[in-house]
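Everything below concerns the one structure shown next.
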Number of protein chains: 2
Amino acid sequence: MKGTKVVFNSEKLNYSSELMRALAHPLRLKILEFIDQHGAINVNKIYHALKIEQSITSQHLKIMKMAGVVHAEKDGKFVSYSIDYDVVTRAEKAVKRFLG
Amino acid sequence: MKGTKVVFNSEKLNYSSELMRALAHPLRLKILEFIDQHGAINVNKIYHALKIEQSITSQHLKIMKMAGVVHAEKDGKFVSYSIDYDVVTRAEKAVKRFLG
DNA sequence: TACATATATTGATTTTTTATAATATAATTA
DNA sequence: TAATTATATTATAAAAAATCAATATATGTA
């Protein structure tokens, strides 16, 4: 497993760390877990269920959206969030990718 | 892949996010990659090769050591760092663990 | 149209991280 | 033993992230 000899450019390092950073927060993980359990779901239901502030919820969702972890789709006056499982899988492999 | 219905306690959420946080930094990833490529290696070689400050190197190594990602072993006046691949593997799976 | 609801955005503040520089400690060597 | 080397630690400054409160923007509804 040691010594991949693959030289990673800072672009990939930044991508990997950004992706992991988006997930490296207990509240965001909790939100993600909730979306996972409910499928596409709107902000209202998320913050009511988890008892967190609307504004904070939107902000964390935005961070995860920017990182590509979740996807937002407008549905009337609601916005439905869902998980991009491909990207999450990529995050899982982000470490593995440059380690062995 | 959706809806694991596994309820994660905040302990696990915190562990997962802490582990990911330790890796969610470009410089730390770079250091980890370097250790991976060279096996057990001391601080001096790391910061000379990567052209970063000694103090920063020690600090980042400490963060990864606290998270259990790397292991330090004293060797005379040197300190040799190596990767704990088990923990890294756990980090890879941290996301997967609560998603699907 | 006026009002209510859902979400996003913004600005101010606090907290956490990171970087820098200096110093401390321990081991080594001249 | 004095000087050098390797690493850690500490204090401080700078930067980034998180929280909170308020406001803005849409959309839907009475």
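In this text the structure is predicted, and so the values were computed from the model without any measurement. So that the names make sense, note that chain A is the first sequence line, chain B the second, and so on, each numbered from 1.
Using a 4.0 Å heavy-atom distance criterion, A:S55 is classed as a base contact. Across all strands, B:L61 comes closer than 4.0 Å to no nucleic acid atom at all (heavy-atom distances). Counting non-hydrogen atoms under 4.0 angstrom, A:K74 reaches the backbone sugars and phosphates but no base. No contact: B:K45 has no heavy atom under 4.0 Å from any strand.
One cannot find a donor-acceptor pair under 3.5 Å joining the base of D:dA6 and the side-chain atoms of B:Q54.
Atom CG of A:L27 and atom P of D:dA18 are 10 Å apart (whole Å). Put simply, NZ on A:K51 is 18 Å from P on D:dT19, counting in whole angstrom units. Atom P of nucleotide C:dA6 and atom CZ of A:F78 are separated by 5 Å, given to the nearest angstrom. For the pair B:Y47 OH and D:dA8 C1', the computed distance is 12 Å after rounding to whole Å. Protein atom NE2 of A:H25 is 11 Å distant from nucleotide atom P of D:dA17, rounded to whole Å. Protein atom CD1 of A:I56 is 14 Å distant from nucleotide atom C1' of C:dT9, rounded to whole Å. In this structure, the CG atom of B:L29 is 15 Å from the C1' atom of C:dT18, given to the nearest Å. What separates NZ of B:K62 from C1' of C:dT18 is a distance of 14 Å, to the nearest Å.
B:K77 has no side-chain polar atom (N or O) that falls below the 4.0 Å cut-off from OP1 or OP2 of D:dT7. Within the structure, a side-chain polar atom (N or O) of A:H60 is placed less than 4.0 Å from OP1 or OP2 of D:dT19. Considering only side-chain N and O atoms, A:N44 lies under 4.0 angstrom from the phosphate OP1 or OP2 of C:dT7. For B:R21, a side-chain nitrogen or oxygen approaches OP1 or OP2 of C:dT17 to under 4.0 Å. The side chain of A:N42 places an N or O atom within less than 4.0 Å of a non-bridging phosphate oxygen (OP1 or OP2) of C:dT7. Dashed line: the shortest gap from a side-chain N or O of A:H48 to OP1 or OP2 of C:dA6 is not under 4.0 Å. Within the structure, every side-chain polar atom (N or O) of B:Y81 is placed at least 4.0 Å from both OP1 and OP2 of D:dA6.
In the set C:dT18, D:dC20, D:dT10, D:dT10 carries the atom at the smallest distance from any side-chain atom of B:Q59.
A distance of 8.0 Å separates OG1 in A:T57 from NE2 in A:H60, rounded to the nearest 0.5 Å. Note that the CD1 atom of B:I83 and the CD atom of B:Q37 stand 9.5 Å from one another [nearest 0.5 Å]. Here B:F34 contributes atom CZ and B:I46 contributes atom CD1; the two are 7.0 Å apart, rounded to the nearest 0.5 Å.
Taking a 6.0 Å sphere around CD of B:E18, one finds it holds 12 or fewer heavy atoms contributed by other residues, nucleotides or ligands.
A single hydrophobic cluster is seen to contain both A:I56 and A:V69, as judged by linkage of ILVMFWY side chains at heavy-atom distances under 4.5 Å, directly or through other members.
Panel note: side chain A:D75, backbone A:F78; no donor-acceptor pair is recorded below 3.5 Å.
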